[in-house]
Amino acid sequence: SINQRRLWVSPYTFSANSSRFVAFNGGQFQLYDATSGQPAAAPGHTSSNFTHATFSDDDRYLITTNFNNQAFLWHLESKSPIAMTATHSQDVFHLAFNSNGTQLATSSGDGSARIWKVLDGQELAVCKHEATVWSVAFSRNDSRIVTGSDDGTARIFDARTGETHTPPMHHNGRVGYAEFSPDGQLVATASRDGTARLWDAATGEPASSPLKHESEVYYAKFSPDGQWLATTESGTGRFVSVWSTEDAQGGGPPFLRLDIGAAISSVAWSPDGKRLAVGESGGGISVWELPAGKRMHRSALDQSAVADLEFTPDGQRLLVAPSGMIAQILSASSGIPTIKGMRHKTSIQAARLSPDGRWVATGSQTNLRLWSAATGDAVTLPIPHASRINAIAWSPDGQTFATACSDRKARLWRMPIIPNAKPPPWLPDLAEVTVGRRVVDDVDQFLSPITLATKRDRILLTSAEGNREIDPYGTWLRWLLGE
């Protein structure tokens with residue numbers, strides 16, 4: 001019974017209707033029936049002793065905090081965390097999931113990258129630099145991570161222990177970006193010293209001479225098959241260089257040098273590696289065919305830098321997130337918008353597609369939002385954040401996504417359950433039945449009782465034809481009309 005255990009109970013841990021309370025025992029919480037004192041559900045777990053808990057007003061959710069300065073939002077019916085935080089001591093700039101979505105790596109201005117357990121937020125490893133860490137990525141087999149830092153190095157760490165796996169890979173300036181090749185054999189780095197480099201991922205030794213550019217290099221991204229490397233210049237630079245990975249290792253020049261005609265802010269490969277999308281600091285987008293190096297089109301959006309670019313999984317469309325307030329999905333072949341714009345009230349900082357291409361997550365100065373990639377419709381209300389969202393990442397299964405924020409936190413969220421059913425055609429009729437009138441050519445017309453009854457019967461007849469188990473609109477309708 002509850003009296004036979006030593007548990008911590010706070011007066012703030014009773015549900016809103018006082019029917020349940022939560023008690024803590026180390027890294028575990030337990031819900032109890034307030035009348036009988038018996039457990040009301042299976043216990044929930046996290047990685048550290050709890051410090052506080054609060055029920056939501058409807059008693060469906062529980063917010064808990066622990067001694068690791070983490071907060072969790074729990075769905076009480078499923079006992080699964082909906083959201084939790086991973087805390088650094090400075091801004092969080094970048095994040096990445098491992099291949100099975102069980103771990104999250106984050107990079108921060110506190111001079112570290114950290115690896116977290118997705119299930120409960122437990123910190124698994126701390127990987128240290130001497131200055132801000134701008135980028136982080138897992139290796140193909142998840143055993144290592146690679147980081148790029150202001151201390152002029154990229155480093156490979158053991159993902160289990162946080163210990164360095166190879167000697168530091170040195171540049172003469174900030175390493176703002178680093179990633180593994182798709183086969184895990186190489187690392188590409190991009191640096192403010194005006195070079196990109198290839199490195200042996202097993203030893204940390206150079207695998208190429210410095211790949212020289214006319215200005216600072218912001219990105220060095222492998223094509224999906226690893227045969228090509230795209231590097232982008234920053235500042236006054238207006239060129240994207242495309243290198244054969246094999247030739248670059250032999251000291252050869254770039255295979256292509258694409259003149260974008262404007263300063264560059266982002267770049268993305270298509271899934272088949274045959275197209276390269278380039279975002280400009282002035283809001284332009286261009287898509288190039290490879291290996292021909294032919295520009296397919298250029299689209300001008302607003303005047304703000306393109307913060308994020310990503311092809312849909314089928315390569316037919318392109319998610320574009322300028323630093324303005326509207327994210328777009330364009331046809332990759334024509335540059336024409338395929339859905340309505342996804343609008344924030346403040347400037348957009350990051351945007352990513354779910355792995356199946358169905359959803360878009362966008363982050364602004366103040367909010368996270370989820371949208372349908374098919375229509376551009378919002379599928380959630382804005383999710384407030386205390387500060388700017390710097391990056392977004394999805395787990396491979398699309399069930400979890402994470403935000404990296406300037407309030408020193410990374411936040412993990414569970415994807416909400418969104419009905420597959422499309423809004424039914426009778427919704428406008430229902431609106432007329434509910435309010436008893438319609439607006440035609442800006443004229444407000446009241447409907448007669450006979451018209452209302454006819455519409456009501458037609459709505460119920462139409463909705464009854466649907467499958468009640470998968471039609472949430474019909475279920476709601478019958479409840480509303482008392483059927």
Side-chain angles (χ1 to χ4, degrees), residues 91-97 105-109 111-113 127 129 131-140 144-157 166 168-182 184 186-199 201 204 206-208 210-224 226 228-235 237 239-243 245 248 254 260 263-269 276-281 305-310 321 349-352 390-393 404:
D91 296 15
V92 182
F93 291 113
H94 198 228
L95 32 69
F97 283 93
T106 56
S107 69
S108 170
S112 75
C127 309
H129 278 263
T132 295
V133 182
W134 291 104
S135 73
V136 62
F138 277 96
S139 62
R140 181 180 181 180
R144 297 164 293 163
I145 64 166
V146 64
T147 54
S149 171
D150 256 352
D151 64 12
T153 70
R155 304 190 186 196
I156 299 175
F157 296 92
T166 66
M169 297 169 284
H170 287 277
H171 280 265
N172 294 319
R174 170 192 292 180
V175 180
Y177 189 82
E179 70 173 32
F180 287 98
S181 60
L186 298 172
V187 166
T189 56
S191 174
R192 292 285 180 92
D193 67 6
T195 70
R197 296 198 71 163
L198 294 174
W199 309 82
S208 74
L211 309 179
K212 295 182 179 180
H213 296 68
E214 295 178 0
S215 60
E216 299 172 347
V217 184
Y218 265 25
Y219 291 107
K221 293 190 175 183
F222 288 102
S223 61
W228 305 98
L229 180 74
T231 58
T232 66
E233 300 175 12
S234 61
F239 292 93
V240 174
S241 297
V242 180
W243 311 75
T245 305
I260 306 304
I264 300 161
S265 58
S266 53
V267 65
W269 286 96
L276 192 67
V278 182
E280 301 169 12
S281 296
V306 177
D308 249 338
L309 276 176
E310 186 180 12
Q349 305 298 311
R352 302 306 292 171
N390 296 315
I392 296 171

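FYI, side chains are in, hydrogens and waters are out, and symmetry mates aren't considered; it's all heavy atoms of this structure.
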Quiz item: Do the side chains of Leu211 and Leu229 get nearer than 4.5 Å, heavy atoms only?
Solution: yes
Quiz item: Just by modelled atom types, is the Ala196 backbone N or O under 3.5 Å from a matching donor or acceptor in the Thr189 side chain?
Solution: no
Practice problem: Flag the pair Arg144 / Thr166 as yes when at least one side-chain heavy-atom distance between them is below 4.5 Å, and no otherwise. | Solution: no
Exercise. For Phe97 and Ala393, work out which heavy atoms get closest and say how close.
Key: CE1-O, 3.4 Å
Exercise. Report the residues that fulfil side-chain hydrogen bond (donor to acceptor under 3.5 Å, both in side chains) with Trp228, sequence neighbours left out, ordered by chain and then residue number.
Key: none
Self-check item: Main-chain N/O of Val306 paired to Ser265 side chain as donor or acceptor, under 3.5 Å
Solution: yes
Practice problem: Test Asp151 against every option in His171, Arg174, His129 by the side-chain hydrogen bond (donor to acceptor under 3.5 Å, both in side chains) rule and name the one that passes. | Solution: His129
Quiz item: Under 3.5 Å, side chain of Ser208 to main-chain N/O of Leu198, donor-acceptor pair present?
Solution: yes
Quiz item: How about Ile145 and Cys127: do any of their side-chain heavy atoms sit closer than 4.5 Å?
Solution: yes
Self-check item: Donor-acceptor under 3.5 Å (Ser139 side chain, Gly184 main chain)
Solution: no
Quiz prompt | Shortest non-hydrogen contact between Ala350 and Ala391, atoms and distance | solution = CB-CA, 3.8 Å
Quiz item: In terms of side-chain geometry, is the basic nitrogen of Lys221 or Glu179 positioned less than 4.0 Å from the acidic oxygen of its partner?
Solution: no
Quiz item: Does any non-hydrogen side-chain atom of Val136 lie less than 4.5 Å from one of Phe157?
Solution: no
Quiz item: When you measure from the side chain of Asp91 to the backbone N and O of Phe93, does any donor-acceptor pair fall under 3.5 Å?
Solution: no
Quiz item: Can you name the nearest heavy-atom pair linking Ala351 to Ala321, along with the distance?
Solution: CB-CB, 3.5 Å
Self-check item: Aromatic centroids of Tyr218 and His213 separated by under 6.0 Å
Solution: no
Quiz item: Okay, side chain of Ser266, backbone of Asp308: is any donor-acceptor separation there less than 3.5 Å?
Solution: no
Quiz item: Can you find a heavy atom in the side chain of Trp134 that is under 4.5 Å from one in the side chain of Asp150?
Solution: yes
Practice problem: Using the six-membered ring wherever Trp is involved, compare the ring planes of Tyr177 and Tyr219 and label them parallel, tilted or perpendicular (cut-offs 30° and 60°). | Solution: perpendicular
Self-check item: Residue pair Arg352 / Leu309: nearest heavy atoms and the distance that separates them
Solution: NH1-O, 3.6 Å
Quiz item: Which heavy atom in His170 sits nearest to a heavy atom in Arg197, and how many Å separate them?
Solution: O-NH1, 4.5 Å
Quiz item: Distance-only, no hydrogens or angles: does the Thr245 side chain make a donor-acceptor pair with backbone N or O of Gly226 under 3.5 Å?
Solution: yes
Quiz item: Got Leu186 and Phe222 here, is their nearest side-chain heavy-atom distance under 4.5 Å?
Solution: yes
Exercise. State, to 0.1 Å, how close Ser135 and Ser107 come at their nearest heavy-atom pair, and which atoms those are.
Key: N-OG, 3.8 Å
